[in-house]
There are 2 protein chains.
Amino acid sequence: MATLADVARRAGVSPATASRIINGSSKPVTDALRERVLAAVEELQYVPNAHAQLLARSHRTAIGVIVHDVSDPYFAEITRGLQRVATAHGRLVIICNSYRDPVKELEYVELLRAHQVAAIVLAGSGYHDEEFTKALDGKLRVYEGTGGRVAVIGRHEHAGDAVVPDNEMGGYLLASHLYELGHEHIGVIAGPKQLTTTTDRLAGLRRAAREHGRKLPPTRVAYADFDRASGADAAAALLDTEPGLTALAALNDSMAIGALSLLRTRGIAVPERVSVIGFDDMPIARDVTPALTTVRLPLVDMGARAMTLALDELADRTAPRIEQVGAELVLRDSTAAPPA
Amino acid sequence: MATLADVARRAGVSPATASRIINGSSKPVTDALRERVLAAVEELQYVPNAHAQLLARSHRTAIGVIVHDVSDPYFAEITRGLQRVATAHGRLVIICNSYRDPVKELEYVELLRAHQVAAIVLAGSGYHDEEFTKALDGKLRVYEGTGGRVAVIGRHEHAGDAVVPDNEMGGYLLASHLYELGHEHIGVIAGPKQLTTTTDRLAGLRRAAREHGRKLPPTRVAYADFDRASGADAAAALLDTEPGLTALAALNDSMAIGALSLLRTRGIAVPERVSVIGFDDMPIARDVTPALTTVRLPLVDMGARAMTLALDELADRTAPRIEQVGAELVLRDSTAAPPA
DNA sequence: GTTTCTCTCGTACACGTGTTCGAATAGGCT
DNA sequence: AGCCTATTCGAACACGTGTACGAGAGAAAC
């Protein structure tokens with residue numbers, strides 16, 4: 001691996017001048033030397049050692065991102081927004097998948113800290129786990145104490161910059177839509193119990209139920225894993241225990257699509273016999289059949305805003321900025337009035 | 001930011017002993033000192049500077065991955081396979097999105113080289129661009145010359161370890177299926193012209209055409225961008241110029257789904273009036289309506305195998321390993337015999 | 001001709017860690 | 001007690017780069 005000293009030796013100059021030329025320093029350098037050095041760089045295919053650079057100038061530039069799983073469309077969209085802003089600022093993004101494992105999440109915070117990232121963006125949902133939450137908050141505080149920035153997406157215990165989707169309102173819109181269509185027997189396919197996202201969306205559903213004089217009995221709420229297969233299983237379980245359901249409300253689109261697939265294999269018409277509604281409005285929601293009625297979150301925009309918060313160097317650290325983003329009902333073809 | 005020297009000072013030992021204890025060196029250390037050091041680590045929340053470590057021990061450990069776009073399901077699946085193997089080996093993965101920009105691809109190779117990654121996995125398709133191809137191959141050779149490993153997915157000019165999907169055979173299977181159903185007027189929605197993936201899949205289509213005594217006239221081939229919107233546009237263009245088409249063959253699933261959406265808005269029944277077939281078998285292919293007939297590539301497995309190649313330290317560098325992976329037709333509901 | 005100023009460039013050190021080598025201490029053996 | 005050895009630990013350097021500081025040379029001013 002060619003080093004700066006190699007370049008300097010070949011060009012017959014000192015490492016200092018070579019460094020100045022390569023980095024375009026403000027210090028003046030003769031053109032003759034400049035040419036010799038650049039020629040040497042080309043011949044040796046020299047690339048500066050990023051780690052040595054980072055050690056020398058204490059100028060942290062990379063950004064760390066922790067998501068649950070990039071291959072999940074929800075996070076893929078958010079990540080796209082994060083990347084767009086980051087590359088626009090010439091920043092490298094390091095993506096870490098926690099796969100919803102709190103332990104891994106803690107490990108990744110340490111790893112990113114070790115890599116001297118300028119900021120950490122936490123894009124996953126928060127957990128209902130006192131011990132873990134305290135540990136995570138502690139590690140983030142320590143990181144912030146050393147000058148690092150932190151931005152989170154979603155509701156977390158950590159006090160700091162955040163982009164918070166209005167999951168509760170989304171859940172409220174979702175359930176209200178079903179009640180207004182006349183549904184009385186609604187099955188809910190919820191996400192993992194320990195995620196704040198699940199809790200918040202469910203809370204919105206419950207508020208809508210109260211306002212419409214209904215209830216959401218526990219037997220009509222099945223907890224699944226936010227993915228397609230798990231959503232299909234939950235739909236099956238709900239229909240088996242409560243055959244009279246006329247609507248299935250899934251707390252994300254993947255599970256709604258799983259429910260659609262199960263209903264199709266059972267020959268149950270959607271929306272004629274059973275309505276299905278999702279959450280998030282992933283790109284594919286338009287392309288399933290029937291096209292999925294859902295609650296839209298501006299995922300790409302949320303990622304972009306979180307990265308913007310993380311990159312803002314001169315923000316007041318004592319006054320955390322909370323950016324609320326709204327949820328919006330998207331009417332398509334998978335919901336209708338219940339059968340008479 | 002707490003440093004190793006801080007820990008040593010607090011524990012009342014030299015940096016050397018602290019380092020030995022933290023890294024679990026083979027050198028023996030007294031238990032009393034060990035406890036003091038570990039206590040200091042905990043109190044100071046010390047995390048070793050990864051860059052300094054990497055500089056000290058010349059032991060490269062991270063892996064660089066260059067894809068076109070992680071949020072594209074095709075690459076999301078591949079990335080999942082890559083990640084699985086990498087984290088199983090305790091390796092960090094740095095993901096770079098080139099967004100199909102050759103210039104960016106070259107820049108990212110340099111960036112990864114600068115970051116001293118142990119290996120580079122090139123997961124995008126190859127390009128038909130002599131100048132760029134030479135430049136890329138040159139940069140990769142230089143990198144290999146310094147001890148780095150390279151593994152590519154797909155057909156590239158670079159001679160080295162590779163995982164190569166049989167795109168030609170996939171194209172052949174795809175077209176043969178349509179011909180055997182009796183289709184004579186087939187429109188092709190191809191990918192970007194300059195990608196080898198497009199060329200290879202198209203070559204398979206042409207071979208099938210020859211064997212069945214047919215042709216693929218240029219007016220029935222539309223080039224699009226491998227995404228949904230672009231696929232819908234291409235489908236519209238094809239149907240406008242050749243209203244008699246009874247089948248649309250898209251060279252990936254995203255474009256096939258775009259075509260489905262266009263056909264739906266035009267009220268054209270699939271597969272009764274027009275058959276649609278895709279390529280890749282992305283997870284959502286099952287969930288669109290009608291469920292998409294397509295050609296399956298084992299995307300996750302391809303990623304896993306590429307990472308396995310990249311991580312194999314003691315492979316013979318002079319004999320590049322080429323792993324062929326097969327394509328397989330998946331029959332679903334979007335294809336049928338043409339209308340009588 | 002001497003002084004001073006400016007313009008360039010090189011020397012030396014710092015960044016934070018791993019590791020080699022030598023020193024010091026304790027303990028065992030005669 | 002004296003010597004030798006085994007055991008631990010610390011001082012010093014290397015990794016590759018950026019940069020403050022100083023040195024040298026040439027030019028300008030007197």
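Letters A, B, ... mirror the listed sequences (proteins, then strands); counts begin at 1.
Residue contacts shown for Thr30(B) are limited to sugar-phosphate atoms, with no base heavy atom under 4.0 Å away. Backbone-only engagement by Thr3(B) is indicated by non-hydrogen atom pairs under 4.0 Å involving sugar-phosphate atoms exclusively. Leu54(A) comes within contact range of no nucleotide atom at all, as no heavy-atom separation falls under 4.0 Å. When heavy atoms are screened at a 4.0 angstrom cut-off, Pro15(B) is found touching no nucleic acid atom at all.
Atom-to-atom, CZ of Arg20(B) to C1' of dG18(C) comes out at 10 Å; the value is rounded to the nearest Å.
Among all heavy-atom pairs drawn from Asp69(A) and Phe75(A), the shortest one is O-CB, 3.4 Å. Minimum interatomic distance between Ala18(B) and Leu4(B) (heavy atoms only, all atoms of both residues): CB-CD1, 3.8 Å. In terms of heavy atoms, Phe226(B) sits closest to Leu195(B) at CE1-CD1, 3.9 Å.
No hydrogens or angles considered: a donor-acceptor pair under 3.5 Å links the side chains of Ser71(A) and Arg80(B). For Tyr127(B) and Glu105(B), the side-chain atoms include at least one donor-acceptor pair closer than 3.5 Å.
Ion pairing between a basic and an acidic side chain is recognised when a charged N comes within 4.0 Å of a carboxylate O; Asp312(B) and Arg149(B) show no such pairing. The existence of a salt bridge linking Lys134(A) and Asp137(A) is excluded, since no basic side-chain nitrogen approaches an acidic carboxylate oxygen closer than 4.0 Å.
Taking a heavy-atom distance under 4.0 Å as the criterion, the stretch of DNA chain D touched by chain B extends 5' to 3' from dT8(D) to dG16(D).
Where the helix from dG1(C)-dC30(D) to dT30(C)-dA1(D) starts and where it ends, the local axes point in directions that differ by 60°; five pairs per end, rounded to 10°.
Each of Arg57(B) and Thr17(B) was matched to the nucleotide of DNA chain D holding its nearest heavy atom; the match closer to the 5' end belongs to Thr17(B).
Counting non-hydrogen atoms of other residues, nucleotides and ligands closer than 6.0 Å to CD of Glu130(B) gives a total of 12 or fewer.
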